[in-house]
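Computed from heavy atoms alone, side chains included, the values below leave out hydrogens, waters and symmetry copies.
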Amino acid sequence: MSVLASVFGGNLGDTLWVTPLARYEPDLTVWMRSTDAKACSVAPILDDLCKVRLEPDPPETRMVPIHAHVTQRILAAYSHSGKPSIPRVVLRVDEIHWAIDYLKGVTGGHSSKVVALVNHCSGSADPTNYRAQYVRGNPDAFHTIAAFWRSAGYKTLQFGPAPGFYTPDVFTPIEGAIPVRGLTVRQMAACYHVIGKMISLDTGDYHLMLAVGGKVACLV
């Protein structure tokens, strides 16, 4: 039987919240907002997991108001309460091979000793977005963290959106880190899978790293 779900917000984290549901509902269709550039850019992360329908005004994401992580609230709304709810992304072999070659080019051939850094979320350039300011990574802390990993022989790669995707831009360079900007969401997922290690603030990227099997130190 066909099951419909929706992603009311267009962010990466919001979208990954519904991916556990696809484990238990093989005929799942997810509605996403067609008028939101963020949602359209993120929608391909659901490839090979479920069907996607872009609608101008999807309903709010269904969830049960229980004291639990939002992924569990969504599962409970579809009678899957308590089941594992780690986000999930299905990558193709060719995407992983692309990421291996791409990272070798970015790091000068040192793709085996790399850590990913993310110090911004989509709202952190807006000083009135108080939640975004609260979860944003402390700039001094990230400079120190990047220096520590480089001293251990690692390349530090700072991931972010393409210049101009957000106005104003949400990218503050971390000292000594190599900027990686403007990848598609699936290219980014493949790179995260190959890297396998991330230090991030509370934003969609750290959910994505977990979804492709990596480990994260999330600064909260």
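- Taking both residues in full, the closest heavy atoms of C40 and S34 are given as SG-O, 3.5 Å, listed atom of the first, atom of the second, then distance.
- Taking all atoms of both residues into account, the shortest heavy-atom contact from E95 to A190 is O-CB, 3.4 Å.
- Interatomic distance, L91 CG to H97 NE2, rounded to the nearest 0.5 Å: 12.0 Å.
- Between the CE atom of M209 and the CG atom of L16 there is a distance of 12.5 Å, given to the nearest 0.5 Å.
- Side-chain N or O atoms of S81 include none that pairs as donor or acceptor with a backbone N or O of A76 at under 3.5 Å.
- Hydrophobic clustering, with ILVMFWY side chains joined whenever heavy atoms are under 4.5 angstrom apart, keeps I174 apart from I178.
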Requested in this report: Take K51 and L46 through the test side-chain contact (heavy atoms from CB on, under 4.5 Å) and record every step on the way to the result.
Outcome: CA-CA 8 Å; K51 295 182 282 292; L46 299 174; over 6 Å; no
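- With hydrogens and angles ignored, the 3.5 Å screen pairs a side-chain donor or acceptor of Q158 with a backbone N or O of T172.
- With R88 contributing its side chain and A211 its backbone, the two residues share no donor-acceptor pair below 3.5 Å.
- For the pair Q72 (side chain) and G82 (backbone), a donor-acceptor distance under 3.5 Å is present.
- At least one side-chain heavy atom of R33 sits under 4.5 Å from a side-chain heavy atom of F8.
- Proximity of V118 to Y206: side-chain heavy atoms (C-beta onward) are nowhere separated by under 4.5 Å.
- Linking Ile, Leu, Val, Met, Phe, Trp and Tyr whenever their side-chain heavy atoms come within less than 4.5 Å puts L201 and V70 in one cluster.
- Residues M188 and V180 form no side-chain contact, since every pair of their non-hydrogen atoms from C-beta on lies 4.5 Å or further apart.
- With contacts defined as side-chain heavy-atom distances shorter than 4.5 Å, the pair Y24/K83 qualifies.
- Between the OG atom of S41 and the CG atom of D36 there is a distance of 8.0 Å, given to the nearest 0.5 Å.
- At a threshold of 4.5 Å between side-chain heavy atoms, the hydrophobic network of Ile, Leu, Val, Met, Phe, Trp and Tyr places W98 and V90 in two separate groups.
- Taking 4.5 Å as the limit, some side-chain heavy atom of L208 sits within range of a side-chain heavy atom of I45.
- T19 places no side-chain N or O within 3.5 Å of a backbone atom of T15 that could act as its donor or acceptor partner.
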Requested in this report: Start with the C-alpha distance between V194 and Y102, add both sets of side-chain angles, then the distance that settles side-chain contact (heavy atoms from CB on, under 4.5 Å), and finish with yes or no.
Outcome: CA-CA 10 Å; V194 174; Y102 175 78; over 6 Å; no
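- Under the 4.5 Å side-chain heavy-atom criterion for grouping Ile, Leu, Val, Met, Phe, Trp and Tyr, L157 is not connected to W149 through any hydrophobic cluster.
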Requested in this report: Step by step, work out the side-chain contact (heavy atoms from CB on, under 4.5 Å) result for H80 and I74.
Outcome: CA-CA 9 Å; H80 297 291; I74 292 171; over 6 Å; no
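- Judged by distance alone, with hydrogens and angles left aside, the side-chain atoms of T61 form a donor-acceptor pair with the main-chain N or O of S6 at under 3.5 Å.
- The two residues A116 and Y192 come nearest to each other via the heavy atoms CB-CE2, 4.4 Å.
- Nearest heavy atoms, W17 versus H69: NE1-CE1, 4.1 Å.
- Closest approach of T71 and S85 over heavy atoms only: OG1-OG, 3.0 Å.
- Cluster annotation: L117 is connected to F148 through the hydrophobic network of ILVMFWY side chains, with a link wherever side-chain heavy atoms come within less than 4.5 Å.
- For the pairing with V216, the side chain to side chain contact (heavy atoms under 4.5 Å, CB included) check across M198, H207, K197 returns one residue only, M198.
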Query - L103 and C191: CA distance, side-chain angles, deciding distance, side-chain contact (heavy atoms from CB on, under 4.5 Å) verdict - result: CA-CA 7 Å; L103 289 170; C191 286; 4.1 Å; yes
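- The CZ atom of R73 sits 15.0 Å away from the CZ atom of R62 when rounded to the nearest 0.5 Å.
- Nearest approach of I195 to V114, heavy atoms of both residues: CG2-O, 3.4 Å.
- Considering only heavy atoms from C-beta on, L219 comes within 4.5 Å of I145 through its side chain.
- In this structure, the side chain of K113 engages the main chain of A152 through a donor-acceptor pair within 3.5 Å.
- The closest side-chain heavy-atom distance from L21 to L75 is below 4.5 Å.
- Although no hydrogens or angles enter the test, the distance criterion places no donor-acceptor pair under 3.5 Å between the side chain of N11 and the main chain of G13.
- In this structure a side-chain-to-backbone donor-acceptor pair under 3.5 Å is missing from Y154 to A146.
- Counting heavy atoms from C-beta on, the side chains of R23 and L49 never come closer than 4.5 Å.
- Going from atom CG of D205 over to atom CD1 of I199 covers 13.5 Å, rounded to the nearest 0.5 Å.
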